[in-house]
Amino acid sequence: MNRAPGSLVPYRSERTSPVTIRSASGPDLPFGPADTPWQKTFSGLRVVDGVPQVTAPSGDPRQLYMEIPEVPFSKVQIPPNGLDERQYAEAEGLFRRYVDSQTHNFAGYQVTSDLDYQDRLSHYLDRHLNNVGDPYQSSSYTLNSKALERAVLDYFASLWNAKWPHNADDPESYWGYVLTMGSSEGNLYGLWNARDYLSGKLLLRQDCAGEAPSVVYTQALRRKGQSPHAYEPVAFFSQDTHYSLTKAVRVLGIDTFHAIGSTRYPDQNPLGPGTPWPTEVPSVGGADGTGAIDVDKLAVLMRFFASKGYPILVSLNYGSTFKGAYDDVPTVARTVREICTEYGLDERRVYHGRDRDSDFDMRSGFWIHIDGALGAGYAPYLQMARDAGMVDDAPPVFDFRLPEVHSLTMSGHKWIGTPWACGVYMTRTGLQMTPSRSSEYIGAADTTFAGSRNGFSALLLWDYLCRHSYDAQVRLAAECDGLAGYAHDRLLALQEKLGIDLWVARSPQALTVRFRRPSDAIVRKYSLSCETIHVDGEARAYVHLYAMKHLTRELVDELVRDMRQSDAFPDSEGCGARRWAGIVPALAQEDTAACRSGLLRAPVTGTRSR
Ligand SMILES: Cc1ncc(COP(=O)(O)O)c(C=O)c1O
């Protein structure tokens, strides 16, 4: 019996009166582990005299959603009555095997996947921890982990050379919080902070006689003699920047140099007068380069806008997403300072009213935000490793040692490794947006992005940091650096042996190595992240692997072995595929011989060791 989508099907509940549920295209869509038509799964529902206000499927989700072969969707669908014990055990077992197997081979993202928390912390899965409100104000919401959060923040403040502890009365001391999302939230918050600071916004607490204090969001007014653009920040970030920055400027209504340039100054692109404005600041060497921002080009672009009085907002990568590149933060900081000084944007007065000359605060006319999603987590240890002679080199300084750095973010699930996204945001107390004081309900100022915040994340970070000394972290960072070097060498050797350009590259001190995208099967097996890069008009499909703590040399070898198979690069037309076809069987024979002689490990099964 077919019915129009959304039509109502009379339904008689088990116990009492007829109930009505919304039906869609037909009554017999198999649903759930028992393939029971969805409408019939209501038979056990204890609706007393009620009408379940729910909709039936308008199509078959099994047909509509992508298939994960290891976890058939039918097994995990949730009928209105839930799953029985046996069905649950089967579904959870399938999911667990899938997750465990993908964890075993995980190599393609900058996320640490071998975690070790459950023995100590599973207790807290049955506890509610919510760090709602400011970390430094203990809230009436006592089920929180703010004490641990403050310990974690102090740890990072020290690691990143900020003044600590946080002191609300000391503008030079740090302020920060543990993020409920990852660096995407840190970037969003950093840019929000920057936007309000540079555009002269402030929150004022107004005490009106006999009334509760209220919060007024005010905008500094332009004074005579100030540039018409004095409170219009313009954002700069490189072409290698994470997409969360593009999203953040959109959400926050911040204009990028591209948006302002192409609308207000369409023919004046200073990097090529008459040519279109680039959408982002070019990286050194363009798409085929290291991935670090081109400081000279950034300087030209910044100068164009600073000379017109626009405040400058720069977001820098410290470990860019695909190439793992480090922007040269010290050089950018110096350049920003010089250009802004030249145009009176170094230190400036932001007046709170139109009339009173004495009512102003001093602010810089620029803001530098560091997106250290991965790099801020381990580069300090790599710098220590370099100073101890354990590695040759380390990425540049990026932290609060540089007075020009205003804010910084890092993801907790990347270098440290946590079972879900989290992170840290940090700035100086004097740069903080003035908090709303209207959050009496929670007993703490509402200074963070989210209302409710994940208190378990602070516990995880605290646990990890308590159990890993600086020495341990330094050794780990040096090992990962060495492992990235090993992967790079192995892939270069493969490339040379095959006589085919696999575009193998590693940016300086990056924990990632990028190369030509192999077959879908290999991409899936190792969870390799893919990206198309346009080089000289050619669209190149790349993948990368990340040398995180869980990666082993054995897994790198296994990947390289898989890439020697004849079907490893099905899309490699024009890269010597025909020649390859002749080479690969010979390599496979070599591998077999090497396995027999013990030089190469057979494909890995079971738990790996380092
Ligand atoms: C450079 C960079 N910034 C920001 C992010 C976003 O971080 P998250 O996934 O923690 O939100 C990533 C994620 O890969 C990244 O690589």
Side-chain angles (χ1 to χ4, degrees), residues 106-113 115 156 176-192 194 235-252 280-281 283 290-293 314-329 332 368-379 395-396 398-399 405 407-426 448-450 453-454 456-458 460-461 464 480 484 507 509-514 527-531 533 542-548:
F106 195 74
Y109 286 83
Q110 56 278 58
V111 172
T112 294
S113 70
L115 307 178
F156 281 109
Y177 73 97
V178 170
L179 305 161
T180 286
M181 292 152 55
S183 289
S184 300
E185 181 185 339
N187 288 335
L188 187 59
Y189 195 91
L191 264 61
W192 179 19
F236 301 83
F237 45 81
S238 84
Q239 66 184 94
D240 280 82
T241 298
H242 188 256
Y243 54 83
S244 57
L245 262 298
T246 317
K247 190 160 51 183
V249 292
R250 231 170 112 180
V251 170
L252 294 163
E280 286 113 8
V281 180
S283 296
T290 62
I293 196 166
V314 183
S315 181
L316 297 175
N317 295 315
Y318 199 68
S320 67
T321 308
F322 197 71
K323 296 179 178 172
Y326 307 92
D327 287 344
D328 183 350
V329 184
V332 172
I368 298 182
H369 172 73
I370 308 296
D371 177 359
L374 174 64
Y378 75 94
F398 67 98
D399 59 26
V405 167
S407 58
L408 171 54
T409 193
M410 177 205 76
S411 302
H413 51 293
K414 292 195 164 72
W415 169 255
I416 288 182
T418 53
W420 46 74
C422 63
V424 172
Y425 172 77
M426 198 165 281
T448 59
F449 184 69
R453 290 190 299 120
N454 184 335
F456 207 139
S457 295
L460 291 165
L461 297 175
Y464 182 89
C480 289
S507 297
Q509 287 103 48
L511 288 191
T512 184
V513 183
R514 54 192 184 275
S527 299
L528 300 179
S529 156
C530 308
E531 185 148 307
I533 299 181
Y542 274 91
V543 291
H544 67 188
L545 65 77
Y546 255 98
M548 302 303 290

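Bear in mind the structure is a predicted one, so any value in this text is a computation, not a measurement. Just follow the structure's listing: the first ligand is 1, and inside any ligand the first atom is 1.
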> Just checking, is any N or O donor in the side chain of S315 or H369 under 3.5 Å from an acceptor N or O on the other one?
Replying inline: no
>> To the closest 0.5 Å, what do you measure between OG1 (T112) and CE (M548)?
In response: 3.5 Å
> Say you draw a straight line from CG of D327 to CD1 of I370; how long is it, rounded to the nearest 0.5 Å?
Replying inline: 8.0 Å
> Which pair of non-hydrogen atoms, one from Y378 and one from Q509, has the smallest distance, and what is that distance?
Replying inline: OH-O, 3.8 Å
> Between Y189 and Y177, does a ring pair (Phe, Tyr, Trp, His ring centres under 6.0 Å) hold up when you go through it step by step?
Replying inline: CA-CA 11 Å; Y189 195 91; Y177 73 97; 5.3 Å; yes
Contact table, ligand 1 N/O with protein N/O, distance under 3.5 Å:
residue  : atom   : partner : partner atom : Å
ligand 1 : 3 (N)  : D371    : OD1          : 3.0
ligand 1 : 3 (N)  : D371    : OD2          : 2.6
ligand 1 : 7 (O)  : K414    : NZ           : 3.0
ligand 1 : 9 (O)  : K414    : NZ           : 3.2
ligand 1 : 10 (O) : S183    : N            : 2.9
ligand 1 : 10 (O) : S411    : OG           : 2.7
ligand 1 : 10 (O) : H413    : NE2          : 3.2
ligand 1 : 10 (O) : K414    : NZ           : 3.1
ligand 1 : 11 (O) : S183    : N            : 3.3
ligand 1 : 11 (O) : S184    : N            : 2.9
ligand 1 : 11 (O) : S184    : OG           : 2.6
ligand 1 : 14 (O) : K414    : NZ           : 3.4
ligand 1 : 16 (O) : Q110    : NE2          : 3.3
ligand 1 : 16 (O) : T321    : OG1          : 2.9

> Taking atom CZ of F106 and atom CG of L528, what is their separation to the nearest 0.5 Å?
Replying inline: 9.5 Å
